[in-house]
Structures are given as structure tokens and as C-alpha cells.
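Here is how names work: the chains are called A, B, and so on, in the same order as the sequence lines, proteins then strands, and each is numbered from 1.
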There are 2 protein chains.
Amino acid sequence: MGRMADSNRRTTSRRALYNRLRRMVLTLELPPGAALSENELAASLGVSRTPVRESLIMLAQDGLVQIFPKIGSFVSRVDPAQVADAQFLREAVELAALEDLPAELDPGVVAELRDNLEHQRGPELDLEEFFTLDEAFHQGLLRLSGHANAWTTVAAAKGHLDRARRLGLHEHASSAAFADQHTQIFEAVLSGDTDGARTAMRTHLRAVFSDIERIRAHSPQLFASDPGAVPVRRSVAVWE
Amino acid sequence: MGRMADSNRRTTSRRALYNRLRRMVLTLELPPGAALSENELAASLGVSRTPVRESLIMLAQDGLVQIFPKIGSFVSRVDPAQVADAQFLREAVELAALEDLPAELDPGVVAELRDNLEHQRGPELDLEEFFTLDEAFHQGLLRLSGHANAWTTVAAAKGHLDRARRLGLHEHASSAAFADQHTQIFEAVLSGDTDGARTAMRTHLRAVFSDIERIRAHSPQLFASDPGAVPVRRSVAVWE
DNA sequence: CGACAAGTGCTTGTATACAAGTCCTGCCCG
DNA sequence: CGGGCAGGACTTGTATACAAGCACTTGTCG
């Protein structure tokens, strides 16, 4: 997350573009490897190259876009190394948060989490909806431990991980299993069983991770083999 | 760390500026709160506004610079909340890494760490030198656990923490005490005493943190009180 | 027929001009 | 003397023009 760089009321078009493109990248609407032409984007969005270009630079800073000078800009492929890093980091942070839980849990957040879990069991659950709930659940746990802001830092480094997870959810909706794991974690937290919560969390996060490995074998073209490799320019390019 | 966004051989002037300004911000050569005029920078560096501006946008994305539209760009003040976040994150990651140490430690890295610690005890130690050694020491520990890359992610979020630490080191050189703590951690790692290493690490990191709190009371103007507050434009501005 | 080379169209990088907003200064008027 | 308002000097935001480089296409020559 860009950590709210400008922070001003007036929304500049660069910022709007950044948010929009970022969402499109994270939701895979812009798939890994997709070419992002500054000219095309500018024309289709009705602005000049400048704000487009600057928003791409911001996304590149997030690691979500790669800019090759004089060649082109591309949605970065999911980098397994970065996914692993983000996974390790996330596990470390979430487990540390569980160790840091106060004796008295914030009842508001607890209620919110309970509500969240109930929704997760909903029968007709859109993948995007589940993803949002999942995100909110984990963030809620961090808020319980008083480290809400740390989540935004983790979220910033989580771009590659999130895209990989989304790929996993797209392929086989295993949301029910994840919902069960969430419930297990939550109940351990409520009963004050820190060790149990940590174990359940570890199990959960590793399940997510192995899901990703499976996906990688299945759709290798979305992953980067050599991070330095330059994508070929769409020659005959089916592309739309 | 910008995670090497372009990754190409040819160094663009934007990238050079980014690296240069970034270093200046992190070393406090550009102190928190300093105004960064695109025009001034461009003129003094002999380039146009474009690369200057774009490098500032990258720094803003890192949270090291704040851009207020139509008002100005400023080196961001050290945000205590972000420092605390980075501290929590760092502790979580480094402790998790200690739990992840392999049975057989890489002898090359071990030798490197031993060498590093020896240098830390050097009599005439520049603050910058100590800081570099400190950084290398912690990174080395992460490499031992096989999570070298996770360090770069942590480093990216560590900007505010690092600047606060540097402030602390500037005020009273307590490097000797830190060197002792480093040695204690290292020896616990070598002897396979995971719990001892974790305890020592926790003690060490918290000592660093309390150092920061002390500095904040001492030099509050370098810290942000209200993160959303807009700096006043230098009116008569002593400024240089 | 094959290989090489100029050409063409794309890309991003940089420079510059202008637009729009903010803040301070100083004049003018009550 | 004090208040208000206009102007100017600064800021960043956006648009546009041109420069430089890469990749493919195509024509030409051996």
C-alpha cells in the first residue's frame, strides 16, 4: 500500500490511476505479464502520458509492475521467491501478534470477527467476497493485538502473495476449508489458548502456501522463471 | 528498497537520483522536514524537473517523502507509529528466523559474522561504519536461516526506524553496548541455543527501541506529531 | 534462396510550457 | 492604526514535443 503518500483532500489523477491500476493488477484483471503501454492507457483513459506514467512508476515501486527502459512496461509475473518471502513475513507477523494479545479483547473487534466468520460460511459466496472477508479476518486479528498499522506494512509486501492466492482460489474453491481453519484460530484466541492459536494459524498459512505451489505447477506461465528476463514484445499478439 | 524496479543495465537519471536522494534521506543528510523543491533540485543537479519529480514520487511511495499537491514536497518526519510498526515487524521476522535456523550453519556466513563482530569492537568506529556493520550483522543472521530475501522486504519498511536509530546513535554513541548484545546473540546461535538467542535478540531490539523513545523526547521537532499536518512553507526560512 | 541492412513503428526517457492552487506581502481604504 | 483584498512568487499537476533505443519487417543484394 502506498502508505498514503500525498494524503491530501484533492485527489490528483495520478493517484486515482494508481488506485485503479493497482486494484486491477491485484484482482488479476490485468494478468501477470500483460503489457501496459503508456500511450494506450493515456488514450483510453483520456489523460496525458504524464499521470499514467507516474502511476506506473508508483506501481513499479510496489513491485507490481516492471518497467524496462525503451522496451515496455509489464504487469510483473508472480515471483515465487517474493511469494515465499511474503509468506515467511506474514507468518512471522501474525504469529507474533498472537503472542501479543491483551488479556481483555476488544469486544467490538471480537463481534466483528464473529460476524465475519458467519459470512464466510455463506452458501453463495463470490470469490472476491471471500477474499475480502479473508483479508478482513486476518486484519482483525492484528487489530486485536494492537498492531493494526503493521498490517498495512505487511499488505504492501503482500502483492505477489495475494495474486498467487487469488489464482489458487480461482482454480478450486477451497474456501470452505479455509473458513474452518479461520474458525479454529478464532476459537483458540477466544479461549486464551495462545499455543493453540499459533498452531492453527501456522497450519492455515501453510495450507494457503501449498495451495500456491500446486497452482504454480498448473499455470506456470503466470510465474516468473527468471526475474530478470525481458518479456517479448507481443509480435503477432493475440492480445485482446 | 525499490526492489530494483527497472532492472536494466542502462541507468536512467531518474534511478540515479532516486538512489542518491534516498541515501541522503536515510543518512539524515536531508533531515526530516526538509523542503525538496523540484525546481531547486533540478537546477542544482542540471536536469529537468521530470526525473527529479519522478524520483520524488518513488521516495514518496517508500514513505520517505511527503508530497502535498500545490504546496510542496518534504522529507517526511519520523513517524512514531511507523517506527513502532517497523520495530514490531522486525522483531517478528528476526525471531522467526532464529526459530528457522538449520542444523548445519553455513560456515561462510558464520565466518563473516565473526569477522563483522570483531570489527564492531574496533576502537575508532565511525557512526556510519557501525551502522553499516550492524545492518550487515542482522542481515547475516537472516541469511543463516535461508531467508535472505525477506530482509530486503523488511528493509523497505524500515526507513523510519533506521532514521530514528541513526538519531539515537548520533546523540550518544552506545555502540559498545550494542556490540555486546550482538555477540551474545551470535554465541547463542552458534551453540544451538534457540531460546537463548531469541531472548537475547528480543532484549537487543527492545533496547534499540527504548533508545528511540529517549531521542524523541530530546528532539521532538524531527518527529511527526500529526501525520496529516502540512508543514508551513519556509517564510523567512533560515534554511542553509 | 538466404542473409544482411536499412526502415518503420513502437516503446520509454527527458525537456519544456502552461495550468491551477497556496501562501505571503503589501498596498489601499475605512 | 487596523482590516481586507489583490497581486505576486512560489509550489506541484498536467499536457505536449522531441530524443533515444529496441524489435520486427521488408527490401535488396550476393
How many whole angstroms separate atom [atom1] of [X] from atom [atom2] of [N]?
| X | N | atom1 | atom2 | answer |
| --- | --- | --- | --- | --- |
| A/I57 | C/dG13 | CD1 | C1' | 10 Å |
| B/F68 | C/dT22 | CZ | C1' | 13 Å |
| A/K70 | D/dC24 | NZ | C1' | 18 Å |
| B/Q66 | D/dT11 | CD | C1' | 16 Å |
| A/L17 | D/dT14 | CG | C1' | 12 Å |
| A/F74 | C/dC10 | CZ | P | 15 Å |
| B/E38 | D/dT14 | CD | P | 12 Å |
| B/R14 | C/dA15 | CZ | C1' | 15 Å |

Among B/R49, B/E38, B/R14, find the residue that satisfies the side-chain contact (heavy atoms from CB on, under 4.5 Å) test when tested with B/L56.
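That would be B/E38; it is the only one of B/R49, B/E38, B/R14 passing the side-chain contact (heavy atoms from CB on, under 4.5 Å) with B/L56.
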Please determine if a side-chain N or O atom of [X] lies less than 4.0 Å away from the OP1 or OP2 oxygen of [N].
| X | N | value |
| --- | --- | --- |
| A/S37 | C/dC10 | no |
| B/N39 | D/dC10 | no |
| A/S73 | C/dT12 | yes |

Please assess A/K158 against A/E135 for the test salt bridge (Lys or Arg N to Asp or Glu O under 4.0 Å), listing each intermediate value before the final yes or no.
CA-CA 11 Å; A/K158 228 162 44 69; A/E135 197 79 354; 3.2 Å; yes
Examine the side chains of A/R22 and A/T27 and answer whether a donor and an acceptor come within less than 3.5 Å of each other.
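No.
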Mutual orientation of the aromatic rings belonging to A/H204 and A/H182 [parallel < 30°, tilted 30-60°, perpendicular > 60°]
perpendicular
Among D/dT12, C/dT12, D/dC22, which nucleotide has an atom closest to any side-chain atom of A/I71?
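Of D/dT12, C/dT12, D/dC22, D/dC22 is nearest to the side chain of A/I71.
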Could you go step by step and tell me if A/R166 and A/E128 meet the salt bridge (Lys or Arg N to Asp or Glu O under 4.0 Å) rule?
CA-CA 9 Å; A/R166 226 176 270 266; A/E128 286 307 318; 2.5 Å; yes
5' priority, DNA chain D, between A/G46 and B/L56 [closest heavy atom]
B/L56
Quick check on contacts: within residues 47-55 of chain B, what sits under 4.0 Å from DNA chain D by heavy-atom distance?
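Heavy-atom contacts with DNA chain D come from B/R49, B/R53.
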Would you say that A/L142 contacts A/H138 through its side chain, given a criterion of any heavy-atom pair below 4.5 Å between the two side chains?
no
Can we say A/R143 and A/E112 salt-bridge, meaning some charged N sits less than 4.0 Å from an Asp/Glu carboxylate O?
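A/E112 and A/R143: salt-bridged.
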